[in-house]
Amino acid sequence: MMNPIQVTRSSMPEFEEYVEEIKDLWQSRWLSNRGAKHKLFEEQLRAYLGCPNLSLFANGHVALEIAMAALGLSGGGEVITTPYTHCSTTHCIVRNGLKPVFCDVNKDDLTIDASQIESLITKNTVAIVATHVYGFACDVEAIEKIAGLHKLKVIYDAAHAFGVSVNGVGIGRFGDASMFSCHATKVFQTIEGGIATFRDPDMPERAEALTNFGFNGPDHVLYVSTNARMNEFEAAMGICNLRHIDGEILRRKAVSDIYDNIFTGIEGITLPKPRDGVSRNYSFYPVLFDGFRKSRDEVMEILLQEQIFPRKYFWPLVTELECYADRYSDTVSRTPVAKRAAESVLALPLYADMSVEDAERICNIILG
Ligand SMILES: *Cc1c(COP(=O)(O)O)cnc(C)c1O
């Protein structure tokens with residue numbers, strides 16, 4: 001039997017490189033709470049992402065939840081979002097006491113269909129929370145225009161989009177805030193971790209207080225909040241991985257190119273692509289099996305038999321998950337494109353050190 005192939009495999013620095021990076025923690029004994037690693041990592045990220053205003057978090061989910069709170073969005077109201085995303089996006093809306101209003105996605109890149117947003121705006125709408133699905137940037141220009149007209153906040157779930165740019169501008173520069181996940185399974189990982197970028201230079205200070213129980217100085221607690229701090233070992237992992245990220249993305253591209261070459265032009269196989277001007281980080285390789293001679297579930301089954309583990313990512317739609325079905329399953333018929341994508345999508349294995357042979361074998365099994 002061949003070795004199992006997972007949907008992804010974490011990129012790590014050389015062991016010695018990481019050990020060298022964490023060595024001084026045995027001197028400083030400063031293991032969390034914005035230590036030297038945290039500060040250095042933040043500075044490097046500002047440069048890499050091209051975003052002067054950012055904060056670090058224990059994970060992407062809390063980064064998004066706290067970014068929304070920092071922007072003053074926890075006071076009720078409606079938020080326009082999509083059901084074709086990680087449940088985390090919707091949980092952040094709901095946990096901030098807001099009501100998600102679900103908009104369909106467009107069929108080309110599966111991000112929010114900006115042309116439908118305005119029809120969903122009511123007097124209660126306060127924000128748009130949209131996901132750059134698979135690192136494919138939303139139509140940020142159209143969204144900005146709508147938000148400006150209706151005075152709405154815009155927050156992007158950029159969990160998949162580390163390193164992506166739109167016409168040369170870092171993706172974290174769009175909207176009022178964006179969240180990047182640095183989870184072990186993402187393109188850029190810090191074991192667990194998250195980043196929020198902000199338009200407003202005052203936001204990082206508020207967000208940082210919110211990640212630390214609301215403390216603002218040793219004797220002052222300004223907000224009722226939680227603990228969402230990134231620790232020094234995670235920041236050190238980030239510092240190491242940031243040295244290699246451009247190479248990582250290129251190696252992912254090489255695998256993605258193999259898939260592209262084999263799948264392009266095959267009847268019933270659709271390869272979603274980002275819009276013009278959007279650079280790629282190859283965080284996922286999504287394929288839609290719609291009208292192909294095998295159904296998506298049959299493709300999944302034959303791959304599993306070969307110990308290859310793709311993901312039905314994103315299926316089910318958030319609106320059909322057990323925790324939301326009672327409240328929102330009646331909205332599924334309003335998002336037919338998202339529904340159809342969820343039923344036909346498979347994210348194929350993709351990671352930087354995947355071999356040419358493995359990529360070709362996966363294609364052969366699917367087409368065989
Ligand atoms: C991974 C992910 C999250 C959550 O990030 P964590 O770092 O795992 O908390 C949120 N949204 C999307 C789209 C994701 O893929």
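Hydrogens, waters and symmetry mates play no part in the numbers below; they use all other heavy atoms, side chains included. In listed order, ligands and their atoms are each counted from 1. All residue numbers refer to positions in the sequence shown, counting from 1.
Remark: ligand 1 and Thr85 share no N or O pair separated by less than 3.5 Å (distance only, no angle test). For ligand 1, the polar-atom distance check against Met179 finds no nitrogen or oxygen pair separated by under 3.5 Å. At under 3.5 Å, a nitrogen or oxygen of Ser181, whether backbone or side chain, sits near a nitrogen or oxygen of ligand 1.
For Glu192, no heavy-atom contact with ligand 1 is shorter than 4.0 Å. Neither the backbone nor the side chain of Phe180 has any atom closer than 4.0 Å to an atom of ligand 1 (non-hydrogen atoms only).
Short contacts between ligand 1 and Asn59, defined as distances under 4.0 Å to a heavy atom of the residue, involve ligand atoms 7 (O), 9 (O). Interface of Ser88 with ligand 1, defined as ligand atoms under 4.0 Å from a residue heavy atom, comprises 4 (C), 10 (C). Each of the atoms 15 (O) of ligand 1 lies under 4.0 Å from some heavy atom of Tyr313.
By heavy-atom distance, the residue among Lys186, Gln189, Glu65, His183 lying nearest atom 14 (C) of ligand 1 is Lys186. For atom 15 (O) of ligand 1, the choice among His91, His61, His160 with the nearest heavy atom turns out to be His160.
Nearest heavy atom pair, residue Ile366 against residue Lys294, reads O-NZ, 2.6 Å.
Under the 30°/60° scheme for interplanar angles, the aromatic rings of Tyr84 and Phe314 are found to stand perpendicular.
The shortest distance between side-chain heavy atoms of Asp108 and Phe136 does not fall below 4.5 Å.
With hydrogens and angles ignored, the 3.5 Å screen pairs no side-chain donor or acceptor of Arg173 with any backbone N or O of Ser165. Counting only distance, with no hydrogens or angles, the side chain of Asp176 and the backbone of Lys153 share no donor-acceptor pair below 3.5 Å.
Ring-centre distance between His132 and Phe162: not below the 6.0 Å cut-off.
Among all protein heavy atoms, the one lying closest to atom 11 (N) of ligand 1 is Asp157 OD2, 2.7 Å.
Looking at Tyr285 and Asp260, their side chains do bring a donor and an acceptor atom within 3.5 Å of each other.
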#### Entry: Pair Val101-Thr125, side-chain contact (heavy atoms from CB on, under 4.5 Å): steps then yes or no
CA-CA 9 Å; Val101 172; Thr125 308; over 6 Å; no
